[in-house]
J.: 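Next up is a structure, given as structure tokens.
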Amino acid sequence: MAFVEYNDPFLADFATTATKNGSTAVSGVFDKAYGEAYGMIAGNDPVFRCPTASAVVRGNTLLIGGVTYTVTHVEGDGTGWDVCRLEAA
């Protein structure tokens with residue numbers, strides 16, 4: 001028997017709603033953590049983690065908290081979730 005994980009309870013507690021390409025609501029977890037490299041380059045590294053079924057792909061736009069981001073990379077994690085790397089548009 002295959003294991004099936006239901007994301008709805010997790011998303012109900014922790015989700016942020018993003019608007020994909022100006023029209024489609026997508027639930028996921030938004031993180032805009034501070035990052036630093038070599039003590040010289042610093043900034044934010046925004047990511048949006050969402051179920052793979054949300055069909056977010058590179059080049060999509062996501063409106064999150066009034067800021068529009070462009071999806072630069074989508075990395076599947078093998079568990080049915082994608083990590084979408086974002087860049088402010």
Side-chain angles (χ1 to χ4, degrees):
M1 175 189 270
F3 177 77
V4 177
E5 183 172 352
Y6 296 100
N7 299 318
D8 293 341
F10 176 79
L11 290 171
D13 290 338
F14 300 105
T16 298
T17 300
T19 304
K20 180 174 77 169
N21 296 331
S23 62
T24 306
V26 177
S27 292
V29 178
F30 178 65
D31 185 16
K32 188 177 174 184
Y34 174 79
E36 186 174 315
Y38 308 111
M40 299 179 343
I41 302 170
N44 292 313
D45 184 25
V47 296
F48 188 71
R49 293 171 175 84
C50 60
T52 303
S54 300
V56 175
V57 297
R58 183 178 184 198
N60 284 165
T61 59
L62 295 176
L63 177 64
I64 304 169
V67 178
T68 300
Y69 296 92
T70 301
V71 178
T72 59
H73 295 85
V74 178
E75 305 163 7
D77 70 359
T79 67
W81 283 76
D82 289 339
V83 177
C84 304
R85 305 260 174 216
L86 306 174
E87 181 178 276

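Along the sequence shown, residues carry numbers from 1.
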J.: Other members of the hydrophobic cluster containing V47, with the 4.5 Å side-chain heavy-atom rule, please.
T.: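 V83, listed by chain and number.
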J.: Measuring from T72:OG1 to L86:CG, what's the distance to the nearest 0.5 Å?
T.: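 Result: 7.0 Å between the selected atoms.
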J.: Starting at CG of L62, measure out to CG of N21 and round the result to the nearest 0.5 Å.
T.: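 CG of N21 is found 7.5 Å from CG of L62.
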J.: Does anything in residues 47-60 pair up under side-chain hydrogen bond (donor to acceptor under 3.5 Å, both in side chains), and if so which pairs, sequence neighbours excluded?
T.: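 Listed once each, the pairs are T52-D82.
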J.: Apply salt bridge (charged side-chain N to carboxylate O under 4.0 Å, His left out) to D31 and list each qualifying residue two or more places apart in sequence or on a separate chain.
T.: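 Partners of D31 by the salt bridge (charged side-chain N to carboxylate O under 4.0 Å, His left out) criterion come out as none, since no residue qualifies.
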J.: Grouping I, L, V, M, F, W and Y whenever their side-chain heavy atoms are under 4.5 Å apart, do I64 and V67 come out in a common cluster?
T.: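 Yes; tracing contacts between hydrophobic side chains, which count when under 4.5 Å, links both residues.
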J.: Keeping to residues at least two apart or across chains, list the ring pair (Phe, Tyr, Trp, His ring centres under 6.0 Å) pairs with something in residues 40-64.
T.: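 Every candidate ring pair (Phe, Tyr, Trp, His ring centres under 6.0 Å) pair involving residues 40-64 fails, so no pair, neighbours aside, qualifies.
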J.: For D13, give me all partners under side chain to side chain contact (heavy atoms under 4.5 Å, CB included), at least two apart in sequence or on another chain.
T.: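 Partners of D13 by the side chain to side chain contact (heavy atoms under 4.5 Å, CB included) criterion come out as none, since no residue qualifies.
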J.: Please enumerate all residues that pass side chain to side chain contact (heavy atoms under 4.5 Å, CB included) together with T19, with sequence neighbours excluded.
T.: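 Per chain and number, T19 pairs via side chain to side chain contact (heavy atoms under 4.5 Å, CB included) with L63.
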J.: Which pair of heavy atoms, one from T17 and one from A25, lies closest together, and at what distance?
T.: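 It is CG2-CB, 4.0 Å.
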J.: Listed by chain and number, what are the salt bridge (charged side-chain N to carboxylate O under 4.0 Å, His left out) partners of E75, not counting sequence neighbours?
T.: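 E75 satisfies salt bridge (charged side-chain N to carboxylate O under 4.0 Å, His left out) with R85 only.
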J.: Among residues two or more places apart or on two chains, list those pairs meeting salt bridge (charged side-chain N to carboxylate O under 4.0 Å, His left out) that have a residue in residues 18-29.
T.: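 Listed by first then second residue: nothing to list.
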J.: Enumerate the residue pairs fulfilling ring pair (Phe, Tyr, Trp, His ring centres under 6.0 Å) with a member in residues 49-77, sequence neighbours excluded, ordered by first and then second residue.
T.: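 Pairs touching residues 49-77 that pass the test: F30-Y69.
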